[in-house]
Amino acid sequence: MENNGDLLLFLGRWHPLLVHLPIGMLIMAFVLALLSRKKAYSSLAPAVSITLLFGATAAVVASVTGYLLSLSGGYDVRTLSLHQWVGISTALVSVLCWLLYRKPVDTRDVFYRIRKGRFAVLGLMLALLGIAGHFGGTLTHGDGYLVEALPAPMRKLIGWQPEVVTIENVQEAAVYAAIIQPIFRQRCQSCHGTKKQEGELALHTFEALIRGGETGQAIVAGDTLGSELYRRLTLPEGDEDRMPPKGRTPISDHQIRLIAWWIDAGAPNDKLVKEMAQPEEIQPILLGLEGGDTKTALGKEPVLTYEDIPPVKQEAVDKLLAKGMTVVPVAENKNQVIVSAINYPAFSDGDAELLLELGANIAQLKLGGTQITDAALKHFGKLAGLRQLHLENTAITDEGIAYLKDCGQLWYLNLVHTGVTDKGIQVLNQIPGLRTLYLYETAVTPNGIAALVQAAPELKIDTGNYQLPALPSDTVVY
């Protein structure tokens, strides 16, 4: 069917752009009025009225376009109503402020008493502007959009914490209600829930999910690649159709894998985990939920901070550079360094002793593809600042891994194509900050991974060997 468009909707969709004009202008008017009350800035007084004129006009236009946009539906009625009427009130009060500031306060003016209190009216306008903006943000980003972005210490201070999926016995849990729905609630329902349904799609109930949206079905039971929801979740970053959109908290790989597993199993609404087939790559993720796996729930990497420490010893750096090593700072004005043997594959156990001269200055150590053995790792516990360690494609075994338990700040460890086994990796749960572990092409088994995840639920383990599905949007299939 031919789409002839909708003029009113076209005008309404200018609202997100136009609404920022009155915000800036009215705030500027308040600042000018505040400054002009000081004798030193009294010359700014004439600028208040003209700023209010443009701000009030823009507020009226924004109110009209906002109303036209609301006619398209898909918003929570209560929040929309609050945003609409507070926005209209802001526009009306801004017009009143302009009328009051058109002329200077004069005792001979019949409106003298009102004009005398005009700054208070201007303050009321600013308060209304903030409230309207808050409800607008709630419509766009969902409840809690402000506190969700707060740093962890501030969240703790106000007593708010993001939801973390924690299940006492994952095998007895209902797949949809206990695992899949919480993911939708965390990552999708600000745009597709009770308060807002972009594209007429809601994910707050199973029935709404199955019903789909304006483009049709969101999921096709048993067909992950044919499910529009999965396609949107796996589009490349930067694609305008990718979900969640840019600027929102991204969904984690673990969450996407759980959704894909559920869809492949027929998207059941009433099955328990133990009643469904559980591929090897899903087992450790499910076990992680029993410990409240924040990597599964939140999909966030740790935030690295580098404290102030003494500068690196230049003579120690020169010794490494002489062998062809690279030594570069982690950041400007920081004394921690990244040491890499990418240009010196002959790096051996004897060379490892040179690292001790740098001590706490080493934050990242890249020894992948070198000649080191377990003997080299006995020194690494003395590298107090070590955060990232690359040991891929080396002769490291379980014996060497045992030395790493003293690396208290280590959060990233790459053991791809090494000789480690289930026994060796179990010591890693003694490293409290470890968050990312790569184990592709090792002798570690799914049972070993599951045991480690249960002991260290925040640890993300990547076993590689990916087989990426071909998406309909792909132009080339490799």
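All values below come from the heavy atoms of this structure, side chains included, with hydrogens, waters and symmetry mates left out.
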- [ ] Show the numbers, then the answer: is there a side-chain contact (heavy atoms from CB on, under 4.5 Å) between D223 and L225?
- [x] CA-CA 6 Å; D223 184 4; L225 296 183; 4.1 Å; yes
TODO: Check the pair E228, R232 against salt bridge (charged side-chain N to carboxylate O under 4.0 Å, His left out), reporting the backbone distance first and the verdict last.
DONE: CA-CA 6 Å; E228 180 67 8; R232 296 287 186 107; 2.7 Å; yes
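- Taking every heavy atom of both residues into account, G87 and S63 meet most closely at O-OG, 3.7 Å.
- Side chains of L68 and F10 form no contact here, defined as non-hydrogen atoms less than 4.5 Å apart.
- Within 6.0 Å of OH in Y176 there are more than 12 heavy atoms belonging to other residues, nucleotides or ligands.
- Side-chain contact between T224 and W261 is absent, with no heavy atoms from C-beta onward closer than 4.5 Å.
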- [ ] Show the numbers, then the answer: is there a side-chain contact (heavy atoms from CB on, under 4.5 Å) between M125 and L122?
- [x] CA-CA 5 Å; M125 178 205 70; L122 196 61; 3.6 Å; yes
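- Summarising the geometry of N429 relative to A456, their closest heavy-atom pair is CB-CB, 4.2 Å, with the distance given to 0.1 Å.
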Would you tabulate the side-chain donor-acceptor contacts of residues 24-45 under 3.5 Å, counting partners in other chains and residues two or more places apart, or write 'none'?
unit_1 : atom_1 : unit_2 : atom_2 : d
S36    : OG     : L32    : O      : 3.2
S36    : OG     : A33    : O      : 2.9
S42    : OG     : K39    : O      : 3.1

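- Atom CD1 of I342 is surrounded by 12 or fewer heavy atoms from other residues, nucleotides or ligands within 6.0 Å.
- Environment of CZ in F54: sparse, with no more than 12 heavy atoms of neighbouring residues, nucleotides or ligands closer than 6.0 Å.
- Put simply, the residue from V317, N335, V339 that forms a side-chain contact (heavy atoms from CB on, under 4.5 Å) with N361 is N335.
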Task: Working for side-chain contact (heavy atoms from CB on, under 4.5 Å), residues L229 and L209 - done: CA-CA 10 Å; L229 184 145; L209 169 63; 4.1 Å; yes
